[in-house]
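Remember, it's 1-based here, ligands and their atoms both numbered in the order they're listed.
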Amino acid sequence: MHKNKKEWFATWFDSPYYHLLYQHRNENEASQFIDQLTAYLGLKTSDVLLDLACGKGRHAIQLSKFGAMTYGVDLSENSICQAQKHENVHLKFEVHDMREVFKNNYFTHVFNLFTSFGYFDMPSDNLKMLQSIHQMLLPNGILVIDFFNSHKVIQQMIPYEDKEIGGILFHLEKKVIDGKIIKNIRFSDQGKDFEYQEQVQLFTKEDICQMLMDTRYKVLDIFGNYALTSYEKESADRLILVAQKI
Ligand SMILES: C[S@@+](CC[C@H](N)C(=O)[O-])C[C@H]1O[C@@H](n2cnc3c(N)ncnc32)[C@H](O)[C@@H]1O
């Protein structure tokens, strides 16, 4: 297990302030996306699903409503604690690092949603994550990766922005360094100053397709938004790849 608490994603995503800043990425958004995905994938109740890096479980909760056994895992203990309040016979959550295998040869579908990829400094860790997913999938299993459209992220980047949410004024600074988008998040709460960082690799469609091919997946489809219309580099909000284990 990678338990280095100094990695940015182990601290920021485990804080309540992450959930406050991203509160607009809520259950409604998740439910609409999962409705589209479920219809497109033709999910069956006999399928076994994994929401990898599930956060508080907004997608896993929706997925489980179709009756298939659904697991959600995440590195953040606080998020998993919240998610576990929704557990039932079809839905289980656990703390787990996505670079490691959770259950071997077990899942029909693995979902990695809302830019939960490209966090690791070492390129080998991104590949390790894809290899672990490969090992967790049953033969011909399906992986769905929902990443940002890095082209649009760069085009529309606002270098400085202040956002007041829940009585907290977040100062956000974004820059591109070494192929990563770095977001610095500064704010004060109850007289205490906080500073966090997000760092995500600006992977292109071609980068992710290459990584998928290198780790033995076949790319089946690429969509550009949560309504699952086709990906266009200039206009797509998202980069959603559907790949099959080969
Ligand atoms: C942008 S959030 C998305 C969460 C969730 N998929 C959603 O849509 O609400 C990224 C998630 O990845 C998780 N994460 C980051 N590094 C991880 C790792 N190494 N293993 C498992 N989860 C990780 C974070 O804790 C966080 O919950």
Q. Between Tyr18 and Tyr196, is the ring centre distance below 6.0 Å?
A. no
Q: Using modelled atom types only, decide if a donor and an acceptor are shared between the side chain of Thr70 and the backbone of Ala68 within a distance under 3.5 Å.
A: yes
Q.
Once you measure the plane-to-plane angle for Tyr40 and Phe223, does it fall in the parallel (<30°), tilted (30-60°) or perpendicular (>60°) bin?
A. perpendicular
Q | Residue pairs fulfilling salt bridge (Lys or Arg N to Asp or Glu O under 4.0 Å) with at least one residue in residues 35-64, sequence neighbours excluded | A | Glu29-Arg58, Lys44-Asp47
Q | Under the ring pair (Phe, Tyr, Trp, His ring centres under 6.0 Å) test, residues paired with Phe114 that sit two or more places apart | A | none
Q. Pairs in or reaching into residues 218-228: which pass salt bridge (Lys or Arg N to Asp or Glu O under 4.0 Å), with residues at least two apart or in two chains?
A. none
For ligand 1, what N or O to protein N or O distances fall under 3.5 Å?
residue: ligand 1; atom: 6 (N); partner: Ala53; partner atom: O; Å: 2.8
residue: ligand 1; atom: 6 (N); partner: Leu113; partner atom: O; Å: 3.1
residue: ligand 1; atom: 8 (O); partner: Arg58; partner atom: NE; Å: 3.1
residue: ligand 1; atom: 8 (O); partner: Arg58; partner atom: NH2; Å: 2.9
residue: ligand 1; atom: 9 (O); partner: Arg58; partner atom: NE; Å: 2.8
residue: ligand 1; atom: 19 (N); partner: Asp97; partner atom: OD1; Å: 3.2
residue: ligand 1; atom: 20 (N); partner: Met98; partner atom: N; Å: 2.8
residue: ligand 1; atom: 22 (N); partner: Leu75; partner atom: N; Å: 3.2
residue: ligand 1; atom: 25 (O); partner: Asp74; partner atom: OD1; Å: 2.6
residue: ligand 1; atom: 27 (O); partner: Asp74; partner atom: OD1; Å: 3.4
residue: ligand 1; atom: 27 (O); partner: Asp74; partner atom: OD2; Å: 2.7

